[in-house]
Amino acid sequence: MSQQKQTATPLSAPMERPPLLKRINLQQYVVYLGFLAIFLFFAIVLRDSGFLTVRNLSNIVLQTAPATIMAIGLVFVLSAGEIDLSIGSIVAVSALAAAVTINAYGMLAGIAVGLGAGLAIGLVNGVLVAYVRLPSFLVTLATMGLFAGVARSLTDLRSIPVTDSAFTGFFGSGALLGIPSLVWWTVIAILIGHIVYRETRFGAHVLATGDNNRAASVSGISVPRIRLAVMMLSGGLAALAGLLYAGRLQAAKYTLGETDLMTVIAAVIVGGTLLNGGKGSVVGALVGSLMMGMLNNGLILMGLSVSDQMIVRGLIILAAVAVSLREKAR
Amino acid sequence: MQTSSSEPVLVLKDIRKSFGAVTAIENFSLDIRPGEIVALVGDNGAGKSTLIKIISGVHAPTSGSITIEGETVSMASASMARAHGIEVVYQDLALADQQTVYMNMFLGREPVNRFGLLDRRTMISETEKLVKELDVRIPSAHATIRDLSGGQRQGVAIARATRWASKLILLDEPTAALGVAETAKVEAIVQSLKSRNIGVLIISHSLDQVFKLSDRICVLRRGKQIGIRNTAETNKNEIVSMITGLN
Ligand SMILES: Nc1ncnc2c1ncn2[C@@H]1O[C@H](COP(=O)(O)OP(=O)(O)OP(=O)(O)O)[C@@H](O)[C@H]1O
Ligand SMILES: [Mg+2]
């Protein structure tokens with residue numbers, strides 16, 4: 001029976017790995033090409049406006065650190081087939097809760113309360129998504145509004161200064177071995193995120209859940225636990241982003257994280273993570289996030305008005321989503 | 001054709017399953033011995049897939065008992081069935097389409113090294129070995145399921161089940177999407193399970209196939225168990241009239 005002709009695949013070398021070039025999937029590289037294109041564009045157009053100075057470039061990296069940290073969480077959430085719209089509100093609540101606690105009880109208590117607040121909101125999101133089986137889009141749309149309100153009422157719209165120099169050094173303005181702490185946070189979070197995503201059973205189960213949750217479940221994977229875990233991971237990382245904002249700005253305010261949601265979603269999708277789950281990349285999200293930061297920076301240097309910046313960014317996000325969805329339908 | 005002395009791997013007794021007002025299975029009883037191939041036949045909607053999902057722990061039966069190698073079990077979850085050496089090839093295959101063949105082969109049971117990281121090398125080499133053994137023609141263990149043909153996907157699902165089963169394999173229309181050559185290949189694989197003393201419950205709409213493969217045939221009609229026949233002692237006409245209820 002093995003003599004029969006089969007049309008679907010060449011039979012000559014059934015178990016050979018396909019050549020490298022064929023395995024490379026263009027969509028994975030869109031983000032790197034896009035990054036390069038935007039970089040070159042600004043480098044040429046803005047060569048006299050200081051875009052290429054070390055100071056400006058390192059500023060871009062520092063400014064994107066919180067968004068990059070949030071993006072890692074969102075890679076896991078999207079890969080599991082869910083979404084988390086509440087990350088911006090978690091940033092504000094966590095930063096404020098941490099700031100108030102630091103001023104009253106010191107740095108360690110502040111970190112614990114800040115991260116705890118993010119994990120707790122993630123837990124609420126996760127339980128509603130995983131066990132009550134409400135769509136994550138609606139759950140986190142509601143908690144986004146809810147906790148934006150909490151952030152406003154928490155300190156009566158006031159900004160809370162954070163003067164604890166150990167905290168601000170560790171989370172924002174300090175440096176180790178001449179490298180700013182925000183860069184350390186970014187590198188470490190990306191490394192750990194990448195390894196957990198690509199090289200652990202948890203990462204594999206997240207992908208399987210987002211890909212085909214029924215298959216995951218009959219394969220013995222606890223789908224509800226995976227859903228809960230990604231929502232909590234996202235909440236915890238958004239809280240960390242909140243601490244980084246508070247450390248860098250030496251203050252916390254309800255507006256922190258307010259405009260990050262769109263940037264983070266765009267970074268993650270441009271970075272090759274599918275909106276409907278089953279496939280993604282942590283490193284891609286980093287590059288996507290740097291690309292978004294560079295875009296913001298360059299558009300400002302070009303002197304575009306805020307409204308024009310929003311329009312251009314919106315168009316680029318639209319293009320990115322189009323590429324992502326085309327890939328899925330392939 | 002089967003030694004009736006060995007203890008059954010699976011005994012189903014008075015299984016009933018209703019979905020709300022719909023009764024999908026009534027008073028179903030069956031036992032399967034090691035190395036025995038039992039065919040489950042019946043028209044569309046007769047309850048065949050539901051029965052397989054009850055045995056594999058996807059649905060809990062409304063009443064009745066399931067006994068595996070003499071031990072009465074409550075099959076509360078799919079992982080429990082797997083722990084008992086039962087593997088299933090579902091009608092929809094239950095593959096994660098955007099993952100590789102080797103990740104699907106080890107879905108939920110991925111081996112890890114001493115650092116807790118995925119042991120891809122083991123997964124890939126075992127997958128390649130198995131795929132070669134079973135003569136499932138896929139381009140590579142690294143191929144993404146989505147890029148495979150229907151027959152190749154079916155091959156992956158069957159390879160996965162044979163890799164992990166130690167007692168019983170449940171096959172839900174394993175050749176429905178296959179060409180002539182692939183069908184013959186799957187039939188050969190099913191027959192080879194006999195020598196491993198694995199029991200098989202196979203759902204098929206092809207009576208030719210049922211008569212070629214099975215030791216016994218069990219007929220379902222609208223959730224009712226119409227009867228069980230030894231394949232050697234019956235014929236297609238009898239089975240057809242049992243399936244349809246017409247003479
Ligand atoms: N989860 C469910 N909820 C409600 N009803 C269900 C469910 N699963 C199956 N049924 C019903 O149970 C009956 C049997 O369905 P089942 O899928 O077992 O049929 P089948 O014999 O496998 O048919 P086919 O040959 O078409 O695959 C059908 O009437 C179906 O509508
Ligand atoms: Mg069926």
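Remember, it's a predicted structure, so these values are computed and weren't measured experimentally. Every chain is numbered from 1 and lettered A, B, ... according to where its sequence line falls, protein lines coming before strand lines.
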I need the minimum non-hydrogen distance between [X] and [Y], along with the two atoms involved.
X	Y	result
A:S219	B:R82	O-NH2, 2.7 Å
B:L95	A:A215	N-CB, 3.9 Å
B:G108	A:H205	CA-NE2, 3.8 Å
B:A96	A:N212	CA-CB, 4.2 Å
A:D211	B:Q99	OD2-NE2, 2.9 Å

Counting only heavy atoms not in [X] (residues, nucleotides, ligands), do more than 12 fall under 6.0 Å from its [atom1]?
X	atom1	answer
B:R109	CZ	yes
B:R196	CZ	yes
B:R163	CZ	yes

Q: Under 4.5 Å heavy-atom distance to chain B, tell me which part of A:S222 shows up: side chain, backbone, both or neither.
A: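 Looking at A:S222, nothing touches chain B.
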Q. Measuring heavy-atom distances to chain A, does B:L117 have an atom under 4.5 Å in its side chain, in its backbone, in both, or in neither?
A.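 Looking at B:L117, backbone and side chain both touch chain A.
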**Q.** Interface moiety of B:N104 toward chain A, non-hydrogen atoms closer than 4.5 Å
**A.**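 For B:N104, no heavy atom lies under 4.5 Å from chain A.
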Q.
Looking at A:G277, is its backbone amide N or carbonyl O close enough to the side chain of B:Q98 to form a donor-acceptor pair, meaning the two atoms are under 3.5 Å apart?
A.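 Yes, B:Q98 side chain to A:G277 backbone: donor-acceptor pair under 3.5 Å.
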Q. Taking every heavy-atom pair that is under 4.5 Å apart, which of B:D119, B:T144, B:L93, B:D92 has the most such pairs with chain A?
A.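 Of the options given, most contacts go to B:D92.
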Q: Can you measure from CZ (A:R214) to OH (B:Y90) and round to the nearest 0.5 angstrom?
A: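 Here the interatomic distance stands at 6.5 Å.
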(Q) I want to check a possible cation-pi pair here: A:R201 against B:F106, using under 6.0 Å from ring centre and within 45° of the ring axis as the test. (A)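 No cation-pi geometry.
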Q. Which of the residues A:T200, A:I221, A:I195, A:V196 is involved in the greatest number of heavy-atom pairs with chain B at under 4.5 angstrom?
A.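 The candidate making the most pairs under 4.5 Å is A:T200.
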